[in-house]
Amino acid sequence: MKYVLFGLFTLLLICFSLGQEGINVGGFEFPSDFGAEEVPRNLSAPDVTTAVVFPSHNDGKIPSGAEVPIIIGFRNHGEKRYNITHIEASFNYPQDYTYFIQNFTAQHYHYLVGPSEEITLEYTIFPDPLLDMRDFGLVVSVYYHDGNHIQVGNNYTSIVYNTTVDIIELDSGFDAQSFFATIAIIAIIGVGGFFVYKNLSYFTKRQKGAKGGKSVSRPENTSNLENADKKKKQK
């Protein structure tokens with residue numbers, strides 16, 4: 001029994017030491033928070049502020065298979081001049097941002113923003129129609145550097161958006177229930193129109209017969225009667 005207690009005590013000490021110092025396997029030490037959510041590093045310039053707006057989908061729900069515009073505001077509060085080179089975006093796995101689900105095409109600008117100036121940029125993403133209807137991490141990054149087009153200084157990256165969004169199905173405007181209801185209404189109208197047309201034709205014929213009065217019998221053929229009389233006289 002004492003050996004069992006000694007083994008359990010030793011195991012607890014080992015687990016405690018691993019939790020404090022990390023996990024060492026095969027000579028490689030993994031940090032204690034291995035597997036935790038990793039987020040991109042924000043290397044923004046200290047005198048730059050950004051803002052982002054989704055004009056058509058500001059509720060955190062983005063449809064797949066449709067263009068989604070993103071409006072980005074960039075303001076320079078400092079004395080340097082910044083050159084915005086390009087913007088990139090990606091869908092990432094929410095539990096591990098190093099795993100990319102979809103990379104969006106980078107859009108290049110090369111806009112110069114002087115001291116105390118601001119600029120508005122538009123960037124568009126197109127989520128793949130084959131994406132699962134679930135949540136993904138959306139990361140939108142603005143890349144720029146101080147200096148101008150010729151002299152390049154320090155490079156910066158401002159992560160203007162880093163939030164989990166829900167991918168939803170594109171609303172095509174087609175509703176199966178409404179479609180079948182419309183078909184049923186059209187069928188009812190068609191059947192009703194057929195009966196109205198049939199009854200209207202019947203009443204029209206009756207009215208024509210009533211206006212014509214009694215039918216007049218056609219006279220017999222007089223030539224036939226004359227021929228019969230002639231035959232009797234000859235006899």
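We number each residue from 1, following the sequence as shown.
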V139 and Y97: side chain to side chain contact (heavy atoms under 4.5 Å, CB included), yes or no, with the steps? CA-CA 9 Å; V139 180; Y97 273 75; 3.5 Å; yes
Determine, step by step, whether V52 and I71 satisfy the side chain to side chain contact (heavy atoms under 4.5 Å, CB included) criterion, reporting the C-alpha distance in whole Å, the side-chain angles of both residues, the deciding distance to 0.1 Å, and the verdict. CA-CA 6 Å; V52 61; I71 304 300; over 6 Å; no
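Considering every non-hydrogen atom in both P55 and P69, the closest pair reads CD-O, 3.3 Å. Counting all heavy atoms, side chain and backbone alike, G65 lies closest to P129 at CA-CG, 3.7 Å. Here the closest heavy-atom approach between residue P63 and residue P127 is recorded as O-CG, 3.5 Å. The two atoms that bring T124 and E122 nearest to each other are OG1-OE2, 4.2 Å, heavy atoms only.
Side-chain N or O atoms of E79 include none that pairs as donor or acceptor with a backbone N or O of G114 at under 3.5 Å. Side chain of T85 to backbone of Y143: a donor-acceptor contact under 3.5 angstrom is found. A distance-only check finds no donor-acceptor pair linking the side chain of N92 to the backbone of D96 [under 3.5 Å]. Formation of a donor-acceptor pair under 3.5 Å by the E118 side chain with backbone atoms of G73 is not found in this model.
Around the OH atom of Y99, the shell of radius 6.0 Å holds no more than 12 heavy atoms that belong to other residues, nucleotides or ligands.
Using a 4.5 Å cut-off on side-chain heavy atoms (C-beta onward), I186 and I189 make no contact. The shortest distance between side-chain heavy atoms of P94 and R134 falls below 4.5 Å. Considering only heavy atoms from C-beta on, V142 stays 4.5 Å or farther from T157 through its side chain.
A side chain to side chain donor-acceptor pair (under 3.5 Å) with Y82 holds for exactly one of D146, D47, N76, N154; it is D47.
Using cut-offs of 30° and 60° for the angle between ring planes, the F91 and F104 rings count as perpendicular. Between Y161 and F54, the ring planes are perpendicular. Angles over 60° get that label, and only those under 30° would be called parallel.
In this structure, F74 has its ring center at least 6.0 angstrom away from the ring center of Y111.
Between the side chains of S158 and Y144, a donor-acceptor pair is found at a separation under 3.5 Å. Remark: the H145 side chain and the N83 side chain contain an N/O donor-acceptor pair separated by less than 3.5 Å.
I167 and L130 are members of different hydrophobic clusters when ILVMFWY side chains are connected at heavy-atom separations under 4.5 Å.
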